[in-house]
Amino acid sequence: MNPYKTLAEPILAAYHGLAPEDLDFGPPPKLEVGDVALRTFVAAKKANMKPADFAADISVRVDFGSRVISVTPAGPYLNFRLNRGVFAREMLSAILSEREHFGSGGSGAGKTLLIEHTSINPNASPHVGRARNAMYGDSLTRLFRFEGYDADVHYYVNDIGRQIGLLVLHAANIQDMVFDEVLDAYVEANARAERDPEFAEKGYELLAKMEEGDPETAQRFHDVTELCLKGQLEVLGRLGIAYDQFDRESKYLKDSRLDEVLEALRKNDAVFTDEEDRLVVDLSKIGHKRDEGRYFVLMRANGSSMYGFRDLAYTIDKMEKGADVNLWVLGEDHKLYAEQLTLILRAAGKVAPEPTYYAHILLKEGRMSTREGKVVLLSDFLDEAASRAAEKVERQCTDLSPEERGAIAEKVAISAVRFAILRVSPNKNVIFDWESSLSFTGDTGPYVQYSCARINSILRKFGEVPGELHGEIPLDHDSEWTLMTKLASFPDTVASALERRNIAPIAQFALDTARFFTTFYHDCPVLMAETEEQRTARAQLCAATLRTLTNALGILGIEALERM
RNA sequence: GCGCCCGUAGCUCAGUCGGAUAGAGCAACGGCCUUCUAAGCCGUGGGUCGGGGGUUCGAAUCCCUCCGGGCGCGCCA
């Protein structure tokens, strides 16, 4: 599929001692210079020649056959002018025959992925910051599934803990509340605990009662968290995010596997009871290098367990399922925590999951905080996106039924929201801005969808596109070539995204492809092409582009639209 | 203070396992709908790649250092 591989063979045959990876092929800075460029720095060194001399030497010594029209040295570079028709056939054939698998390396066949993401505290409606975890995790899952992995998506439900206790105490009538009211109750409960130590103390008491297994308390905790979880899943579901397993934290309160861990820690002399009667791990005994973050508390003086203690049991549970890849999507604030957990697990002779971090989405005023109510709710964000999209669709798609228009508007809204968040590298902070994240023009999801709608429009009028290609395909216009080589690079993009556990390159790829398609669209008429062969070839290029974009958007969790 | 991440155009971001004149979008200005969807296209202006050192034939990319921002560092989860 990589169109450059076939150029390497005659060079390798002519010069001994060169390996394929020494030949650094890539796109030239401008198409006027050539279709493909070879950087000779590495290979020249091996051949014991100056780069410029080596480039010149290749150009006179090597015969590339009919696939190459001309080879021109330019200093240390060697520029190839290709027989584009031949390359076009090979690239388009691959895309049109591999279809929904085009781009997948297939390396996940027979392998499994266990991924935990989102895991929002069930105490309120999710905000945009949390959504980065959910979207990033969901798209990673889609990426691995695309590669052939059998994925199992886990959601850890933090159904115990202080925050739930306070909520239960404060909102006695929780069963009568609707989900959207819970956030206010949660904010009030925290404010109250802040100024009223007695109330806060009651929260801990309730927590202890819960852990002792008091059935009535357990029921109340369950009711609150169930209401919240359902509400959260509804909002996330709108974005196309779904889970296979919900693991309730309360299930891991008394887990026998923790005894093993404690045993191992004791052997390392790494666990002790401190002056305030808490059970604490000294991580410096098991590999932690610095003083900061050295201590890790497992249990409070009253015997109730800390989050991390339960999470140890949960993590062991996940790992015992034996997946080939175990991913754990975490905000960057969890970095030290994950390292601490990993050290403890290792000390106990267990393996830890592979964490993948993302930086926070910030408001201009600072970090979002559910506890303080300083948030942009995901549902509000989606509603606003949907209403803006609906307005646009009303004006644009007058020939469609209201139902069809509504469906399109929702899909455009989701596309704008998901794309805006996923296209940024996960290790970068994002300053949340309504306008830029809800834009439908420029570098956006809707722009990519719009390209798909245009292709669909052409293909509807064209009819059946032949899947077979023979001989030299008459696609030699620069904008056809640029588009085609971009499509051909999709497998490499997917491979790199998988390796780096980064979705952003996929979004960038979709954007570039859509842009190159649009240039082609303006330069090269499809239906009104000059010859029948050209008409067919361009329709095939359209079909290949749509196929590739659909696959890329699929990883992003965005639907390619027929019309918009 | 210590550790990790980030700093590229007025704004939001690509590009970072070193390679030819640093790329998009938004915003600004000027054009383009009797030809496949104007959510579009073409053009103009806009950059000390945070500062300074170093390594290299070659640095936005690697190393050191300083500055600025984010995150974390013993009974939140």
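We use all heavy atoms of the structure for the numbers below, so side chains are in, but hydrogens, waters and symmetry mates are not. Proteins come first, then strands; the chains are lettered A, B, ... in the order of their sequence lines, and each starts at number 1. Predicted model, so just to flag it, every value in this text is computed and none were measured.
Between the base of rA20(B) and the side chain of Asn79(A) there is a donor-acceptor pair shorter than 3.5 Å. Contact annotation: side chain of Gln163(A) to base of rC76(B), donor-acceptor pair absent below 3.5 Å. Counting atom types as modelled, Glu292(A) pairs a side-chain N or O with a base atom of rG1(B) as donor and acceptor under 3.5 Å.
Between rG40(B), rA14(B), rC71(B), one nucleotide has an atom nearer to the side chain of Gln508(A) than all others, and that is rA14(B). The side chain of Asn427(A) lies closest to rC5(B), out of rG15(B), rC5(B), rG74(B). You'll find that the side chain of Ile458(A) is closest to rC36(B), out of rC71(B), rA77(B), rC36(B). Here rA20(B) is the nucleotide among rG74(B), rA20(B), rG72(B) with the atom lying nearest to any side-chain atom of Pro28(A).
By the 5.5 angstrom centroid cut-off and the 30-degree plane limit, Tyr295(A) is classified as stacked against the base of rG74(B). The aromatic ring of Phe296(A) does not sit over the base of rG74(B); the criterion of centres under 5.5 Å apart with planes under 30° is not met. In this structure, Tyr450(A) forms no aromatic stack with the base of rG40(B), since the conditions of centre separation below 5.5 Å and plane angle below 30° are not both met.
If Tyr337(A) and Ile431(A) are placed on RNA chain B by their nearest nucleotide, the residue sitting closer to the 5' end is Ile431(A).
With a 4.5 Å cut-off on side-chain heavy atoms, Tyr314(A) and His154(A) count as touching. Between Val376(A) and Trp434(A), the closest side-chain pair of non-hydrogen atoms falls below 4.5 Å.
Because its NZ or CZ atom is both nearer than 6.0 Å to the ring centre of Phe199(A) and within 45° of the ring axis, Arg192(A) counts as a cation-pi partner of that residue.
Applying the 90° criterion around 0 to the glycosidic angle, rC29(B) comes out anti.
Under a 4.0 Å N-O distance rule, the pair Glu276(A)/Arg278(A) qualifies as a salt bridge. A salt bridge does not link Glu404(A) with Arg563(A): none of the charged nitrogens is closer than 4.0 Å to a carboxylate oxygen.
Computed from coordinates, the Arg278(A) CZ to rG74(B) P distance equals 10 Å when rounded to whole Å.
When only modelled atom types and interatomic distance are considered, Ser425(A) and Asn427(A) share no side-chain donor-acceptor pair under 3.5 Å.
Within the 4.0 Å cut-off from OP1 or OP2 of rC11(B), not a single side-chain nitrogen or oxygen of Ser436(A) is found.
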Checklist entry - Based on Watson-Crick and G-U pairs with both distances under 3.5 Å, what dot-bracket line describes RNA chain B 5' to 3', crossing pairs as [ ] and inter-strand pairs as |? => result (((((((..((((.....[...)))).(((((.......))))).....(((((..]....))))))))))))....
